[in-house]
Amino acid sequence: MTDTKPKDNFVREIIDGDLAVGKNQGRVHTRFPPEPNGYLHIGHAKSICLNFGLAADYKGKCNLRFDDTNPETEEPDYVRSIKEDVRWLGFDWEDREFYASDYFGRLYDYAVDLIRKGDAYVCDLTAEQVTEYRGTLTGPGKESPGRGRGVEENLDLFARMRAGEFPDGAKTLRARIDMADPNLLMRDPVLYRVRRAHHYRTGDAWCIYPTYDWAHGQSDSIEGVTHSICTLEFEVHRPLYDWFLVRLGIHRPRQIEFARLSLSHTVLSKRKLLTLVKEGFVDGWDDPRMPTISAFRRRGYTPASIRRFCDEIGVAKANSIVDEALLEHGLREELNKTAPRAMAVLRPLKVVLTNYPEGSAEELDCVNNPEDPGRGTRKVPFSRVLYIERDDFMEDPPKKFFRLSPGKEVRLRYAYFMTCTGVVKDPATGEIVEVHCTYDPATRGGDAPDGRSPKATLHWVSAGHAIPAEVRLYDTLFTKRDPNELEEGADWKSNLNPKSLETIAGARLEPSLAAAEPGSRWQFERLGYFCADIGLSRPGAPVFLRTVTLRDTWARIQKSGRENE
RNA sequence: UGGGGCGUCGCCAAGCGGUAAGGCAGCGGACUUUGGAUCCGCUAUUCGGGGGUUCGAAUCCUCCCGCCCCAGCCA
């Protein structure tokens with residue numbers, strides 16, 4: 001499933017090359033292999049879009065395979081969430097839902113085969129000793145005492161490992177490769193460890209578990225995968241990946257590595273995301289500030305906008321940090337066309353139309369989506385007392401501020417022109433509590449018969465008709481573009497943005513929003529796109545989350561200090 | 001330091017010996033009942049740096065510099 005014509009990239013070049021020389025009988029078969037030890041994030045989305053996208057473009061298949069070889073950290077809830085997220089993104093693995101744990105038996109047999117070929121042995125070293133014997137980056141390692149064991153003894157020992165005769169960590173099965181190989185991964189890597197842990201799928205059937213290196217390539221092979229696409233850190237594993245498959249003499253997929261995604265102002269490491277969740281820095285994996293797929297979904301992002309983003313960022317081998325502005329841009333472009341408009345005042349400032357008849361009200365026609373006339377119009381109540389956005393009024397405005405201020409005329413969207421005649425202040429604090437205006441009855445609907453047109457159009461809500469609501473605004477989770485870039489001795493968590501969440505309790509919405517369905521997306525005119533939250537909304541009392549702001553030229557002017565130029 | 005990778009505009013990224021695509025961001029301007037949207041225009045004589053090969057190089061060779069990954073019985 002793709003939304004745009006696939007961009008060319010080096011992975012496609014490799015596949016095209018393989019196809020050109022007739023490899024794999026012309027098949028293209030990929031897989032997305034998550035470990036169910038956390039929720040999927042936007043970086044996984046890149047991999048999902050790549051793998052499923054490639055399969056679709058080449059008329060091939062893409063499997064969903066859970067790489068569940070470490071029972072200590074894996075849970076069914078993670079499996080559940082991963083499936084939900086992949087599906088939500090719009091991809092279908094059909095009947096190809098696989099688990100590395102389903103291959104434990106075959107993996108064991110492959111190991112026996114390797115032992116028979118003299119390519120693996122049972123090692124008695126402790127974990128610390130294995131590390132010590134591995135040697136250093138510059139110096140060779142030492143051979144394990146068990147390295148010289150004969151095939152029969154190894155077979156016997158390995159069978160007894162499986163049978164549970166040895167305590168956890170007491171023995172490992174290792175490949176016999178080369179303790180002096182400059183690539184540390186080739187220095188007799190561990191294939192199996194003894195670990196009496198309950199596996200969420202195989203239960204207590206096994207007390208030995210295969211390592212990633214032993215399980216991954218063989219799993220790919222078993223599934224007939226042709227191109228095993230993974231991230232750059234696995235590049236040094238490729239010689240090992242190939243070595244096993246060649247020794248075993250079985251189908252050998254081609255491993256291709258690409259640069260994982262980094263997004264600005266957030267972290268994309270499962271370990272760090274887990275910390276944020278476990279230590280309560282956020283309200284769970286789907287906290288709208290998180291970079292997880294579930295958080296983006298809850299916040300109101302669309303699957304298409306994420307797919308589009310993944311297509312746009314490209315696939316290459318250079319480490320990079322993509323600006324979140326690119327993600328937001330695609331989202332806005334979609335939502336601009338699809339989200340119905342509504343008026344909502346986040347920080348209400350009372351406006352009294354002194355020449356509007358007291359006690360009366362009327363209904364005005366408002367366009368639901370200017371980008372899509374087919375969406376029609378709705379009625380919005382209007383009366384003498386209104387609320388406008390506090391930010392839309394300034395008693396003593398700078399030169400470039402052309403919203404409401406004393407003596408100035410503005411347009412109320414789809415309603416009337418009004419002119420500010422005065423303010424009422426709290427005598428104690430001096431705070432402006434009310435603004436007085438007169439409206440021009442001749443401008444009903446927002447057009448003046450004489451053709452004049454105010455510089456600003458404000459959104460508004462009728463005080464007596466508006467419904468109160470809670471609205472949550474979000475800013476980036478971290479203050480730094482790269483949260484991992486730390487000052488001396490600093491912790492990455494010190495880069496968390498204390499203002500990433502702002503809860504506004506007293507917002508006022510136009511009445512129609514009371515019926516907003518949980519999960520529905522809206523554009524609050526002049527403010528941004530908002531989503532009625534699925535978790536917090538109550539019937540008749542929705543809670544809105546800001547998905548993304550609208551482009552805000554005024555905010556940019558203020559930020560750059562040019563408001564008086 | 002051994003091995004494996006990577007370095008093209010502020011951020012991504014094409015380019016594969018023939019004389020620097022595109023997107024985002026930014027900046028102008030037009031239009032506008034969202035300071036939104038839309039539309040038009042501008043922004044790398046230069047490809048981490050130095051040598052070399054060539055009629056011609058970001059693309060080939062070479063040396064140097066910088067960044068990332070590998071010493072889990074994690075993935």
Subject >> Residues in contact with RNA chain B, drawn from residues 189-202 of chain A - heavy-atom cutoff 4.0 Å >> reply: A:V190, A:R193, A:R195
Does [X] put a side-chain nitrogen or oxygen below 4.0 Å from OP1 or OP2 of [N]?
X: A:T69; N: B:rA75; value: yes
X: A:T136; N: B:rU1; value: no
X: A:H459; N: B:rU34; value: no
X: A:R134; N: B:rC73; value: yes

Using the [atom1] atoms only, state how far [M] lies from [N], rounded to an integer number of Å.
N: B:rC68; M: B:rC63; atom1: C1'; value: 22 Å
N: B:rA20; M: B:rC47; atom1: C1'; value: 8 Å
N: B:rU34; M: B:rG41; atom1: C1'; value: 25 Å
N: B:rC61; M: B:rC27; atom1: P; value: 42 Å
N: B:rU8; M: B:rG23; atom1: C1'; value: 15 Å

All N/O pairs under 3.5 Å across the protein-nucleotides 28-30 of chain B interface:
none

Sugar-phosphate only, base, or nothing, as touched by [X] at under 4.0 Å among non-hydrogen atoms:
X: A:L137; answer: base
X: A:D447; answer: base
X: A:K400; answer: base
X: A:A127; answer: base
X: A:V410; answer: nothing
X: A:H216; answer: nothing
X: A:T126; answer: base

What's the [atom1]-[atom2] distance between [X] and [N], to the nearest Å?
X: A:H329; N: B:rA13; atom1: NE2; atom2: P; result: 18 Å
X: A:F258; N: B:rC12; atom1: CZ; atom2: C1'; result: 15 Å
X: A:D8; N: B:rG22; atom1: CG; atom2: P; result: 17 Å
X: A:N37; N: B:rG72; atom1: CG; atom2: C1'; result: 14 Å

Subject >> Aromatic centroids of A:Y212 and A:F234 separated by under 6.0 Å >> reply: yes
Subject >> Aromatic ring proximity A:F530/A:F544, centre distance under 6.0 Å >> reply: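 Judged by ring-centre distance (under 6.0 Å), A:F530 and A:F544 do not meet the cut-off.
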From the set [options], return the single nucleotide nearest to any side-chain atom of [X].
X: A:K7; options: B:rA71, B:rC74, B:rA13; value: B:rA13
X: A:E525; options: B:rU34, B:rA71, B:rG15; value: B:rU34
X: A:P182; options: B:rC11, B:rC16, B:rG3; value: B:rG3
X: A:K317; options: B:rG5, B:rG3, B:rG2; value: B:rG5
X: A:A325; options: B:rC11, B:rC70, B:rC24; value: B:rC24
X: A:N319; options: B:rC68, B:rU34, B:rG72; value: B:rC68
X: A:L185; options: B:rC70, B:rC74, B:rC24; value: B:rC70

Going by side chain to side chain donor-acceptor pair (under 3.5 Å), name the residues that satisfy it together with [X], two or more places apart in sequence or in a different chain.
X: A:R347; result: A:E502
X: A:E233; result: A:T231, A:R260
X: A:D67; result: A:H216

Please identify each residue that fulfils salt bridge (Lys or Arg N to Asp or Glu O under 4.0 Å) with [X], with sequence neighbours left out.
X: A:E334; value: none
X: A:E328; value: A:R332
X: A:D77; value: A:R80
X: A:R403; value: A:D392

Subject >> Shortest non-hydrogen contact between A:V194 and A:P167, atoms and distance >> reply: CG1-O, 3.7 Å
**OP:** Output all residues satisfying ring-ring contact (aromatic ring centres under 6.0 Å, His included) with A:F478, sequence neighbours left out; order by chain, then residue number.
**Re:** none
Original post:
Which residues pass the ring-ring contact (aromatic ring centres under 6.0 Å, His included) test with A:Y200, sequence neighbours left out?
Top reply: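 Result, ring-ring contact (aromatic ring centres under 6.0 Å, His included) vs A:Y200: none returned.
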Subject >> Cationic tip of A:R452 above A:F417 ring, under 6.0 Å, 45° of axis >> reply: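 Geometry flag: not set, cation outside 6.0 Å or 45°.
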Original post:
Have A:S560 and A:R562 got a donor and an acceptor in their side chains that come within less than 3.5 Å?
Top reply: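 Yes - a donor-acceptor pair under 3.5 Å links their side chains.
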**OP:** If a protein heavy atom is under 4.0 Å from the base, mark B; if only from the sugar-phosphate, S; if neither, -; do that for nucleotides 36-42 of chain B going 5' to 3'.
**Re:** BS-----
Watson-Crick or G-U counterpart of [N], or none if no pair lies under 3.5 Å:
N: B:rG56; result: none
N: B:rU19; result: none
N: B:rA14; result: none
N: B:rG41; result: B:rC27
N: B:rG72; result: none

Subject >> Stacking of A:Y212 on B:rA75 base (centres under 5.5 Å, planes under 30°) >> reply: no
Subject >> CA sep, side-chain torsions, deciding dist, call: A:Y192, A:F158, ring pair (Phe, Tyr, Trp, His ring centres under 6.0 Å) >> reply: CA-CA 9 Å; A:Y192 275 92; A:F158 185 48; 5.3 Å; yes
Original post:
Can a donor-acceptor pair under 3.5 Å be found between the side-chain atoms of A:E233 and the base atoms of B:rC70?
Top reply: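 Such a pair does not exist between side chain and base.
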